[in-house]
Amino acid sequence: MNARLLRLAAAGLIFGGVAAASAVAFAHGDVTPQAVDTTGLEKLGEAWRDSNPYRGNARAIEIGASAFNQNCARCHGLGAVSGGIAPDLRYLDLGDVGDEWFKERVINGSIRNGVTYMPKFGESLGQEALWAIRSWLETVHTE
């Protein structure tokens with residue numbers, strides 16, 4: 001190959017690497033929530049429950065698995081196995097203790113020093129979808 005072609009190839013590799021790294025760096029927090037079909041789940045109303053009303057509900061777990069993949073896996077990893085961008089949700093406490101943290105985080109998101117680490121999902125997805133996700137998360141829990 002001639003020198004000009006080698007320089008162009010090297011520039012292309014560098015540009016591609018920078019573009020890929022930028023996509024990863026700016027992806028976190030820039031999330032458009034995907035609608036979740038909660039057909040088959042009891043409607044919970046406007047006031048958020050303090051604990052998961054769907055715990056152990058097979059339909060909620062099914063919905064939650066799909067909803068997690070659509071809305072959470074981008075940052076928290078497939079199967080809730082984090083790749084390091086966001087917390088590994090398999091270690092989230094079971095029961096009401098974990099419910100309290102989960103509820104606070106999905107409603108309010110996480111912003112530190114003006115940077116969005118997790119957007120607010122409470123209004124956009126609603127508590128039926130989010131408690132369904134929590135129900136699924138408990139099925140993949142790890143100590």
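In this structure, R55 contributes its side chain and R134 its backbone to no donor-acceptor pair below 3.5 Å. In terms of modelled atom types and a separation under 3.5 Å, the side chain of H141 and the main chain of L92 share a donor-acceptor contact. A donor-acceptor distance shorter than 3.5 angstrom exists from the side chain of Q34 to the backbone of T32, with no hydrogens or angles considered. The closest donor-acceptor contact from the side chain of E138 to the backbone of G56 lies at 3.5 Å or more, if one exists at all.
Residues D93 and W101 have side chains not in contact (no heavy-atom distance under 4.5 Å, counting atoms from C-beta outward). Looking at R105 and F121, their side chains never come closer than 4.5 Å, going by heavy atoms from C-beta outward.
By the neighbour-count criterion of 12 heavy atoms within 6.0 Å, atom CD of E104 is densely surrounded, having more than that number from other residues, nucleotides or ligands.
Summarising the geometry, atom CZ belonging to R49 is positioned 8.5 Å from atom CD belonging to E128; distances are rounded to the nearest 0.5 Å. Between the NZ atom in K120 and the CG atom in L125 there is a gap of 14.0 Å [rounded to 0.5 Å]. Rounded to the nearest 0.5 Å, atoms CG (L137) and OH (Y91) are 13.5 Å apart. In this structure, CG on L94 lies 6.5 Å from CD on E143, to the nearest 0.5 angstrom. Going from atom OG of S51 over to atom CG of D99 covers 6.0 Å, rounded to the nearest 0.5 Å. In this structure, CZ on R59 lies 8.5 Å from OG1 on T38, to the nearest 0.5 angstrom.
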Q: Please test F102 against L130 for side chain to side chain contact (heavy atoms under 4.5 Å, CB included), starting from the C-alpha separation and ending with a verdict.
A: CA-CA 9 Å; F102 179 83; L130 291 165; 4.3 Å; yes
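Annotation for I63 and T39: closest pair CD1-O, 3.8 Å, computed over non-hydrogen atoms. Of all the heavy atoms in G64 and W136, the pair that sits closest is C-CB, 3.7 Å. The minimum heavy-atom distance linking G77 with F68 is given by the pair O-CE2, 3.1 Å. Minimum heavy-atom separation, T139 to I61: CG2-CD1, 3.7 Å. Residue D88 comes nearest to S82 through the heavy atom pair OD2-N, 3.4 Å, listed as atom of the first residue, atom of the second, then distance. Among all heavy-atom pairs drawn from Y54 and A60, the shortest one is CB-CB, 3.5 Å.
Tracing side-chain contacts under 4.5 Å through hydrophobic residues (I, L, V, M, F, W, Y), one reaches V140 starting from V36; they form part of the same cluster. Residue I85 is not grouped with residue V81 when hydrophobic side chains (ILVMFWY) are merged at heavy-atom distances under 4.5 angstrom, including chains of intermediate members. The hydrophobic cluster containing W48 also contains L44, counting ILVMFWY residues as joined when their side-chain heavy atoms lie under 4.5 angstrom apart, directly or transitively.
No hydrogens or angles considered: a donor-acceptor pair under 3.5 Å links the side chains of S135 and N52.
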